[in-house]
Amino acid sequence: MAIPSEECVCEYEGPVRNKNGFGWNWFVPSPRALARWMEDAGFEDVESGDGVHDFAVTTGADPLGQNRCLAVGSKRAGHKISTAGLSQKIL
């Protein structure tokens, strides 16, 4: 799922929103937010969108369904994510 927005935004989905979905939680990003997450995680040459248009999401006519976002990038060798704010030390 993705938010069809040009802004860098994210929505949280969890059990309160879906009474039958106990045990699952996830964040639903816009295409720009997904691209930034990937860059922060050490990817470069990141592209995100509907497969045709940059920073777009799929429509109801797409075989993947609507509100989907695709992303691809190349992992930078040696990049480490920031551990600030994590509850446990990562070795």
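What you are looking at is a predicted structure, and each value in this text was computed from that prediction instead of being measured.
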Could you report the tightest heavy-atom contact between Q66 and G60, atom names first, then the distance? CB-N, 3.4 Å
Quick check: is W37 connected to V72 through a chain of hydrophobic side chains (ILVMFWY, heavy atoms under 4.5 Å apart)? no
Give a yes or no on whether V9 and W26 share a hydrophobic cluster (residues Ile, Leu, Val, Met, Phe, Trp, Tyr; joining criterion: side-chain heavy atoms under 4.5 Å apart). yes
For the residue pair L70 and S48, establish whether any side-chain heavy-atom pair is separated by less than 4.5 Å. no
Minimum heavy-atom separation for M1 to R68, with atom names? N-NH1, 3.1 Å
Taking every non-hydrogen atom, the tightest pair across C8 and A33: SG-CA, 3.5 Å
To the nearest 0.5 Å, tell me how far E47 CD sits from L34 CG. 12.5 Å
Tell me whether the count of non-hydrogen atoms from other residues, nucleotides or ligands lying under 6.0 Å of CD in E44 goes above 12. yes
In plain terms, say whether E6 and R32 are close enough for a salt bridge, that is, a side-chain N and a carboxylate O under 4.0 Å apart. yes
If you take all heavy atoms of M38 and G73, which pair is closest and at what distance? CE-N, 3.9 Å
Go through the steps to decide whether H79 and F43 satisfy the test side chain to side chain contact (heavy atoms under 4.5 Å, CB included), and finish with yes or no. CA-CA 9 Å; H79 177 83; F43 288 84; over 6 Å; no
Looking only at heavy atoms, which two atoms of C69 and A2 are closest? And how far apart? CB-CB, 3.5 Å
Are the side chain of T58 and the backbone N or O of G65 linked by a donor-acceptor pair below 3.5 Å? yes
For a 4.5 angstrom cut-off between non-hydrogen side-chain atoms, does I3 reach V28? yes
